[in-house]
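Scroll down for the structure; my scribbles are underneath it.
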Amino acid sequence: QRITDEEVELNYLIKSIIDFVNFSAKKQNILIYFRSEKHPVTIKANSNEIKQVILNLLKNSFEAMPDGGTIDIRSDIKTIEGNPAAEITLVDSGVGIDINNMNQIFLPFFSTKKGNENNKGLGLSISYRIIEKYNGTINVENLIHGGVKFRITIPAQQKLPF
C-alpha cells in the first residue's frame with residue numbers, strides 16, 4: 001500500500017527537523033540557522049520522505065564538520081519556467097566535496113567515508129530518487145570560501161504571493 005501524498009508545509013517541517021537534531025548539533029558545536037519566507041511554502045508529497053531527504057543532508061553536513069560549524073537552511077518560493085516551485089537551500093561550512101567526486105555523490109553505494117561500516121553510501125542517492133519522484137531537482141556545489149550548498153526544488157502547491 002502506497003502512503004498517500006499530502007500537503008506539506010516546508011517551513012513547519014524544517015523547523016520540526018531542526019528541533020529534532022538541535023541537541024546533537026549543540027553537542028557537536030554546530031549552529032543551525034533557518035530563514036524562511038513569511039508565507040507558507042507548500043508542496044504535495046509524503047512528509048516522511050521529505051524529512052528523510054533533509055535529515056540525510058543534515059547528517060552529511062554534521063559529518064563534514066567534526067569540529068563544529070554552521071548550517072544555513074532557507075526555504076522560498078521561486079518561479080521556474082513560469083510555475084511556482086518550492087526551493088530549499090542548505091549551506092554548510094564543512095570540508096566541501098572533492099571535485100573528483102562531484103558527479104558521483106548521488107550514485108548508490110558511493111561513499112567517501114572509508115572504514116565506516118554503518119555508511120552504505122545510500123543517503124544522497126535515496127534523497128535524489130525521492131526528489132526526482134516529485135518532479136524536483138537536487139544539486140550541489142562547493143562554495144569558494146569552503147563548505148557546500150545543496151539546492152532542492154519541488155513544484156509548489158500555492159500561487160506566488162507577489
Side-chain angles (χ1 to χ4, degrees), residues 1-22 24-25 32-37 39-64 71-92 94 96-113 116-143 147-161:
Q1 179 187 353
R2 191 185 136 113
I3 299 169
T4 56
D5 294 345
E6 59 203 321
E7 292 221 342
V8 177
E9 205 287 301
L10 289 175
N11 295 334
Y12 174 79
L13 185 88
I14 292 168
K15 283 179 192 146
S16 70
I17 292 168
I18 292 169
D19 288 344
F20 177 71
V21 301
N22 234 348
S24 299
I32 302 174
Y33 300 99
F34 176 51
R35 283 174 288 180
S36 64
E37 285 301 314
H39 52 269
V41 178
T42 309
I43 62 171
K44 196 159 191 70
N46 174 327
S47 63
N48 287 328
E49 288 182 327
I50 302 305
K51 274 183 194 168
Q52 184 178 7
V53 169
I54 295 167
L55 281 169
N56 283 338
L57 295 181
L58 285 169
K59 177 180 178 286
N60 285 353
S61 290
F62 278 40
E63 290 170 356
I71 299 172
D72 281 294
I73 303 172
R74 183 177 283 189
S75 69
D76 203 352
I77 293 275
K78 300 281 187 203
T79 303
I80 298 177
E81 296 173 6
N83 298 309
E87 181 181 77
I88 303 167
T89 56
L90 185 146
V91 176
D92 72 35
I97 297 167
D98 184 325
I99 196 74
N100 298 318
N101 298 331
M102 207 45 113
N103 294 327
Q104 298 174 291
I105 63 165
F106 293 113
L107 297 176
F109 306 110
F110 179 79
S111 176
T112 58
K113 298 161 193 110
N116 182 346
E117 267 312 299
N118 296 325
N119 192 306
K120 305 287 186 251
L122 291 171
L124 287 177
S125 73
I126 289 169
S127 297
Y128 187 89
R129 284 210 316 274
I130 289 170
I131 297 302
E132 212 174 37
K133 176 174 130 178
Y134 296 113
N135 300 313
T137 61
I138 180 170
N139 55 47
V140 62
E141 63 183 280
N142 280 322
L143 300 174
V148 74
K149 177 179 188 174
F150 280 92
R151 176 181 285 122
I152 296 169
T153 58
I154 300 173
Q157 287 297 294
Q158 77 265 45
K159 301 288 176 265
L160 295 173

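Because the structure is a prediction, the values reported are computed rather than measured. Scope of the values below: all heavy atoms of this structure, side chains included, with no hydrogens, waters or symmetry mates.
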Does the side chain of [Y] come within less than 4.5 Å of [X]'s, by heavy atoms?
X	Y	result
L90	S61	yes
L13	I54	yes
T42	V8	no
T137	I152	no
I131	I154	yes
V140	K149	no

Gap separating the [atom1] atom of [X] from the [atom2] atom of [Y], nearest 0.5 angstrom:
X	Y	atom1	atom2	result
T153	D76	OG1	CG	12.0 Å
I73	I88	CD1	CD1	9.0 Å
H39	E9	NE2	CD	9.5 Å

- Could you tell me which residues satisfy side-chain hydrogen bond (donor to acceptor under 3.5 Å, both in side chains) with R35, sequence neighbours excluded, listed by chain and number? none
Excluding sequence neighbours, so at least two apart, what forms side chain to side chain contact (heavy atoms under 4.5 Å, CB included) with [X]?
X	value
Q52	N56, I126, I130
S75	N11, I14, F34, S36, V41
V21	I32, L55, L58, F62

- N46 backbone acceptor or donor facing Y134 side chain under 3.5 Å: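 It does hold such a pair.
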- Ignoring hydrogens and geometry, is there a side-chain-to-backbone donor-acceptor pair from E6 to S47 under 3.5 Å?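 Judged by distance alone, yes, a pair lies under 3.5 Å.
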- Could you pull out all residues at least two apart from E49 that satisfy salt bridge (charged side-chain N to carboxylate O under 4.0 Å, His left out)? K133
- Query: With sequence neighbours left out, what residues match R74 under salt bridge (charged side-chain N to carboxylate O under 4.0 Å, His left out)?
  - Reply: none
- For the residue pair I50 and A45, what are the closest heavy atoms and their distance?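 The pair with the smallest heavy-atom distance is CG1-CB, 3.8 Å.
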- Message: Test side-chain contact (heavy atoms from CB on, under 4.5 Å) on T89 and D72; report intermediate values, then the result.
- Response: CA-CA 8 Å; T89 56; D72 281 294; over 6 Å; no
- Query: Could you walk me through whether L124 and F150 pass the side-chain contact (heavy atoms from CB on, under 4.5 Å) check?
  - Reply: CA-CA 11 Å; L124 287 177; F150 280 92; 4.0 Å; yes
